[in-house]
Amino acid sequence: MTAPRTPSPRKAFGRLSLPERTYVADALRTETIGGMLLLLAAITALVWANVPAVHDSYESVSDFHFGPEALGLSLSVAHWAADGLLAVFFFVAGIELKRELVAGDLRDPRAAVLPVVAALCGMAVPALVYTLTSGIGGGSLAGWAVPTATDIAFALAVLAVIGTSLPSALRAFLLTLAVVDDLFAILIIAVFFTADLDFLALAGAVVGLAAFWLLLRKGVRGWYVYVPLALVVWGLMYNSGIHATVAGVAMGLMLRCHRREGEEQSPGEHIEHLVRPFSSGLAVPLFALFSAGVAVSGSALADVFTAPETLGVVLGLVVGKTVGIFGGTWLTTRFTRASLSDDLAWADVLAVATLAGIGFTVSLLIGELAFGDDASMVDSVKAAVLTGSLIATAIAIVLLRIRNAKYRKLTEDEERDDDLSGVPDIYEEDDPAYHLRMAEIHERKAAEHRQLAREKAEGHGGLAEVPDGAGEDHGGPA
């Protein structure tokens, strides 16, 4: 009788499957470009808001109102960016989450444990750090949720700037962290930042969402059906008192993200592919342009480290995020059968955890919602978000640079395709055909070198003898 087989322990941050690696690479490529535009928009906003000659124009443009007053949608430009454009961002986040749940790593409960626990700890600990810091200092506790969010686009832009070849498993972990993070951020916004409800408008939004779901199930196609319906749902959700971005994530979650026979892409993947460039390249940068424009001065930066609310935000992003994500990951591997990949060290997890302390887009949004009645505090919290994100960036750059040579080697191994099959060699190691192709390549190269050696020997008067043997093709099998 044979003993029952003990299941092998899972490798945390192990190699991704080839389809998952391809999807992650495509998604992160778009997010990285969007992140560069996000950085540019943030810098533009800071310059525009702090140069005396153009400061007034920044305020004028941000406060300019337009939209149908009769529908309750006469909003400022900044308001349209926060409530309208970010709904597109959360729509894409909803699709990403749905895909992860039905076709990605979150589909397998064993694989889902690590990023979900890390994300939850990465939100709970920053909230606790803020609450303790602000509470002890006698400040307001209203901003507890500000340091809980991670900005994946900003983090990837940092990676692109410093040129770190972060392995795909770590990039996928960062992406999944951000997806789970976005989901809980929208839940926080919906639950904690909804004051007065208009039940009639909310009922209309629910009916609109039901119609959206029914049309999808019936297989109805055409943007001219869904876009007008989405705008109606968004407007009703906004007027209900619930933050309008909830409509975006709800519609994203309704899309089918599993592939049927004969499909190259599911509808969700197809729509995400179409909408993601608009979200990353336009919606989020425009939000940053009209949210990051805060006055920066020596006294303002000093206040960030003295006021309990702003100090809580900085410490939440820099310390809370790092401790939460690193601690959650360590606890998961400690109390489950998961173990760290042989190619990585805990220093790599620490670097990614620090990088997740870049909380820009959603942190700015939550800051506006938490302190909306106090304009000066909103600006102070925005300055704290920028400061904390910059400090987290600096620390992450140092940690990533230390291991950059190792990352470069891992990335080269992941991308090597010596047999020119179009599939990285590391994914073909168990395929006999791959080894036959490699044997043929090496035999051909050996024959070429032997021929060169003979030619060189003849050029030296035949003094060197070139033996026959290994590497020649004698008609036998490879």
Side-chain angles (χ1 to χ4, degrees), residues 27 30-31 34 38 67 71-73 75 78-101 145 149-153 175 178-194 201-202 204-216 223 225-257 267-288 290-291 360-366 368-369:
T30 304
E31 291 288 357
L38 180 62
L71 299 178
L73 295 175
L75 310 177
H79 207 162
W80 275 111
D83 287 80
L85 293 177
L86 279 195
V88 180
F89 167 79
F90 279 109
F91 174 71
V92 174
I95 299 175
E96 287 177 337
L97 179 64
K98 180 68 173 289
R99 186 201 164 276
E100 288 291 333
L101 289 170
T150 293
D151 194 310
I152 183 65
L175 179 62
V179 170
V180 178
D181 193 291
D182 288 340
L183 171 67
F184 284 101
I186 202 69
L187 289 176
I188 288 172
I189 290 171
V191 173
F192 295 99
F193 297 102
T194 298
L202 180 59
V206 171
V207 170
L209 288 172
F212 191 88
W213 179 85
L214 186 61
L215 289 170
L216 289 172
W223 64 268
V225 174
Y226 292 102
V227 172
L229 179 58
L231 291 174
V232 170
V233 171
W234 175 87
L236 289 168
M237 189 70 74
Y238 174 82
N239 282 289
S240 73
I242 296 176
H243 201 271
T245 51
V246 174
V249 76
M251 287 184 280
L253 287 169
M254 290 181 183
L255 293 172
R256 176 170 63 83
C257 291
E269 290 173 320
H270 176 66
I271 293 173
E272 180 190 4
H273 180 74
L274 294 175
V275 178
R276 184 190 288 275
F278 175 78
S279 170
S280 300
L282 184 65
V284 175
L286 279 178
F287 168 76
F290 294 107
S291 291
F360 189 73
T361 305
V362 181
S363 289
L364 292 177
L365 174 62
I366 294 177
E368 292 179 355
L369 296 174

d(Asp83 CG, Met237 CE) to nearest 0.5 Å is 12.0 Å

### Query
Distance-only, no hydrogens or angles: does the Ser291 side chain make a donor-acceptor pair with backbone N or O of Phe287 under 3.5 Å?
yes

Between the CE atom in Met251 and the CZ atom in Phe90, the distance rounded to the nearest 0.5 Å is 13.0 Å

Asp151 meets the salt bridge (charged side-chain N to carboxylate O under 4.0 Å, His left out) criterion, sequence neighbours left out, with none

Heavy-atom closest pair (Ala244 atom, Ala87 atom, distance to 0.1 Å) is O-CB, 4.3 Å

Paired with Leu97, the side chain to side chain contact (heavy atoms under 4.5 Å, CB included) test is passed by just one of Val92, Val249, Leu183, namely Leu183

Note: Leu75 and Gly72 closest approach over all heavy atoms is CD2-O, 4.4 Å

**Message:** Set out, in order, the CA-CA distance, both residues' side-chain angles and the distance that settles side chain to side chain contact (heavy atoms under 4.5 Å, CB included) for Leu73 and Asn239, then state yes or no.
**Reply:** CA-CA 8 Å; Leu73 295 175; Asn239 282 289; 4.1 Å; yes

Residue set satisfying side chain to side chain contact (heavy atoms under 4.5 Å, CB included) with Ala178, at least two apart, ordered chain then number -> Ile152

Heavy-atom nearest pair, Pro285 first then Ser279, reads CD-O, 4.1 Å

CG of Leu365 to NE2 of His243, rounded to nearest 0.5 Å, is 4.5 Å

- Message: Could you go through Phe89 and Asp182, starting from their C-alpha distance and side-chain angles, then the distance that decides it, and tell me whether this counts as side chain to side chain contact (heavy atoms under 4.5 Å, CB included)?
- Response: CA-CA 10 Å; Phe89 167 79; Asp182 288 340; 3.9 Å; yes

Leu215 meets the side chain to side chain contact (heavy atoms under 4.5 Å, CB included) criterion, sequence neighbours left out, with Val220, Val225, Tyr226, Leu229

Looking only at heavy atoms, the pair that brings Phe91 and Gly252 closest together is CD1-N, 3.5 Å

In short, Leu253 meets Gly94 closest at the heavy-atom pair CD2-O, 3.5 Å

**Prompt:** Below 4.5 Å, heavy atoms only, C-beta onward: do Val88 and Phe278 meet side chain to side chain?
**Reply:** yes

Between the CG atom in Leu71 and the CG atom in Leu236, the distance rounded to the nearest 0.5 Å is 9.5 Å

Discussion item. Please determine whether side chain to side chain contact (heavy atoms under 4.5 Å, CB included) holds for the pair Trp80 and Leu85, giving the CA-CA distance in whole Å, both sets of side-chain angles, and the decisive distance to 0.1 Å.
Written reply: CA-CA 7 Å; Trp80 275 111; Leu85 293 177; over 6 Å; no

Practice task
Classify the ring geometry between Tyr238 and His79 as parallel (under 30°), tilted (30 to 60°) or perpendicular (over 60°).
Solution key: perpendicular

dist Trp234:CH2 -> Thr245:OG1 (nearest 0.5 Å) comes out at 10.5 Å

Ala145 and Ile188 have their tightest heavy-atom pair at CB-CG2, 3.8 Å

Sub-4.5 Å side-chain heavy-atom contact between Leu364 and Phe360 = yes

* Asked: Does Asp181 reach the main-chain N or O of Thr150 with its side chain, forming a donor-acceptor pair under 3.5 Å?
  -> yes

Between the CG atom in Leu255 and the CD1 atom in Ile95, the distance rounded to the nearest 0.5 Å is 5.0 Å

